[in-house]
2 protein chains.
Amino acid sequence: MKKRIAIDMDDVLADATGRFIEYAQERLNWHITREDLNGHHNWAGIMPDQESEIRSWLHEDGFFRGMQVMPDAQEVLEKLHDKYEIFIVSAAVEFPLSMKEKVEWMQEYFPFVDWRHLVFCGHKYMFKADYLIDDHERNLIAFCEGQPLVYTAPHNIYLTDYQRINNWREAAMFFEV
Amino acid sequence: MKKRIAIDMDDVLADATGRFIEYAQERLNWHITREDLNGHHNWAGIMPDQESEIRSWLHEDGFFRGMQVMPDAQEVLEKLHDKYEIFIVSAAVEFPLSMKEKVEWMQEYFPFVDWRHLVFCGHKYMFKADYLIDDHERNLIAFCEGQPLVYTAPHNIYLTDYQRINNWREAAMFFEV
């Protein structure tokens with residue numbers, strides 16, 4: 001039986017941080033780099049005066065749909081898909097509009113992943129898998145039965161408690177595909 | 001630690017069959033009863049000539065949002081929510097528009113269920129729970145670790161392999177709430 005890998009979307013398959021930087025530049029004329037975001041868990045909190053506007057982007061049409069794919073994610077996920085059972089598990093219920101966009105996004109960039117293998121949720125601890133690749137400590141810490149793997153994003157750069165995957169090339173090495 | 005119950009939406013919390021009957025009457029002037037649907041696994045297949053129209057309803061705005069709540073579901077789920085850990089698990093990814101409507105529907109009728117306890121998926125076998133209440137055999141048969149409970153709907157009326165819950169009053173008795 002294939003081992004099962006649960007894989008997050010934002011900041012793992014999809015460049016959510018890049019989308020935030022793009023919106024910050026377009027909407028607020030705020031030129032920020034990925035390095036500026038290191039260690040910050042809450043984008044909206046970086047500029048308290050703009051917090052409500054920044055939060056509103058997440059509820060806007062197209063915010064999720066327009067994200068770039070992480071480098072090498074398509075090629076590596078297709079290889080993983082042959083060797084492992086893949087589920088894409090995204091805490092998207094907080095942003096109800098995003099789910100339709102996320103289904104379309106997956107169909108465009110990862111058409112080999114069947115819709116039955118997409119999961120939109122809040123918590124992730126009730127998901128059975130052998131591995132979880134995620135960028136958020138709150139998901140990794142609650143993932144008790146399998147191996148949590150932190151996918152590097154600016155907000156988790158100082159987290160040391162988990163095996164780290166810095167990019168999809170490293171994921172391919174870890175999973176030997 | 002509270003035991004965990006995974007609960008389906010359509011034809012368990014929400015009267016999906018009633019909604020289908022309502023649309024069949026309004027759109028096709030087809031007067032059908034719940035009894036007429038007994039043993040039919042596929043609404044759209046009952047009237048092959050209308051199959052594509054019937055299928056299109058599932059992708060229409062408002063089809064899911066306008067469903068009635070099953071009798072006693074609100075009162076019983078609120079009691080269950082005190083004693084058990086509740087997750088609402090709906091195979092809604094097939095109908096991407098429905099997910100936003102389902103979040104709103106839950107907020108209206110079951111506001112005590114936090115969004116983090118809503119799950120939209122395809123398969124359900126990778127969900128860890130002590131019980132699954134569902135109307136579809138394909139979900140019950142794959143639910144290996146906990147106890148599957150079939151919630152009575154016309155299409156499962158002849159299914160005999162599972163403990164049956166006919167209505168939410170019976171669910172309250174089963175779970176002793």
Side-chain angles (χ1 to χ4, degrees), chain A residues 1-7 9 58-61 63-65 84-108 110 112-132 136 138-139 142-146, chain B residues 1-7 9 58-61 63-65 84-108 110 112-132 136 138-139 142-146:
Chain A
M1 189 184 266
K2 286 178 176 179
K3 288 199 172 187
R4 187 179 302 152
I5 312 176
I7 301 173
M9 282 184 78
L58 300 169
H59 295 275
E60 245 180 57
D61 278 356
F63 183 80
F64 290 91
R65 186 66 183 87
Y84 295 87
E85 188 189 22
I86 300 297
F87 276 91
I88 309 304
V89 182
S90 175
V93 177
E94 187 175 7
F95 309 108
L97 268 177
S98 76
M99 291 184 275
K100 177 174 171 290
E101 296 191 9
K102 282 169 178 262
V103 172
E104 291 170 359
W105 191 91
M106 283 299 302
Q107 284 169 342
E108 179 176 349
F110 301 91
F112 51 88
V113 177
D114 183 88
W115 68 268
R116 293 169 192 83
H117 288 253
L118 305 183
V119 180
F120 299 115
C121 54
H123 295 304
K124 300 188 182 181
Y125 59 79
M126 66 294 168
F127 197 89
K128 280 188 287 193
D130 298 291
Y131 303 93
L132 169 66
H136 280 294
R138 64 173 176 273
N139 296 324
F143 184 68
C144 300
E145 290 185 24
Chain B
M1 188 184 269
K2 286 179 177 178
K3 287 200 171 185
R4 185 178 303 151
I5 312 176
I7 301 174
M9 283 185 77
L58 301 168
H59 295 275
E60 245 181 57
D61 278 357
F63 183 80
F64 290 91
R65 186 67 183 86
Y84 295 87
E85 187 189 23
I86 300 297
F87 276 91
I88 310 303
V89 182
S90 175
V93 177
E94 188 174 7
F95 309 108
L97 269 177
S98 76
M99 292 184 276
K100 177 174 172 289
E101 296 192 9
K102 282 170 177 261
V103 173
E104 292 170 358
W105 191 91
M106 284 300 302
Q107 284 169 340
E108 179 176 348
F110 301 91
F112 51 87
V113 177
D114 184 88
W115 69 267
R116 292 170 192 82
H117 288 253
L118 305 183
V119 179
F120 300 115
C121 55
H123 294 304
K124 299 188 181 181
Y125 59 78
M126 64 294 168
F127 197 88
K128 281 189 286 192
D130 298 290
Y131 303 93
L132 169 66
H136 281 295
R138 63 173 176 271
N139 296 323
F143 184 68
C144 302
E145 290 185 24

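Note on naming: letters A, B, ... go to the chains in the order of the sequence lines (proteins, then strands), and numbering restarts at 1 for each one.
- With respect to B:Glu94 and A:Arg116, no salt bridge is recorded, no charged nitrogen being found less than 4.0 Å from a carboxylate O.
- Other residues, nucleotides and ligands place more than 12 heavy atoms under 6.0 Å from the NZ atom of A:Lys2.
- Residue B:Met99 holds its CE atom at 5.0 Å from CZ of A:Phe120, rounded to the nearest 0.5 Å.
- Only the side chain of B:Phe87 has a heavy atom closer than 4.5 Å to any heavy atom of chain A.
- Here B:Leu118 is the residue among B:Leu118, B:Asp114, B:Leu97 with the most heavy-atom pairs under 4.5 Å with chain A.
- Per-residue heavy-atom pair counts under 4.5 Å with chain B were compared for A:Lys100, A:Lys102, A:Met126, and the maximum is reached by A:Met126.
- If you measure heavy-atom distances from B:Val93 to chain A, the contacts under 4.5 Å come from both the backbone and the side chain.
- Of the atoms belonging to B:Glu104, not a single heavy atom falls under 4.5 Å from chain A.
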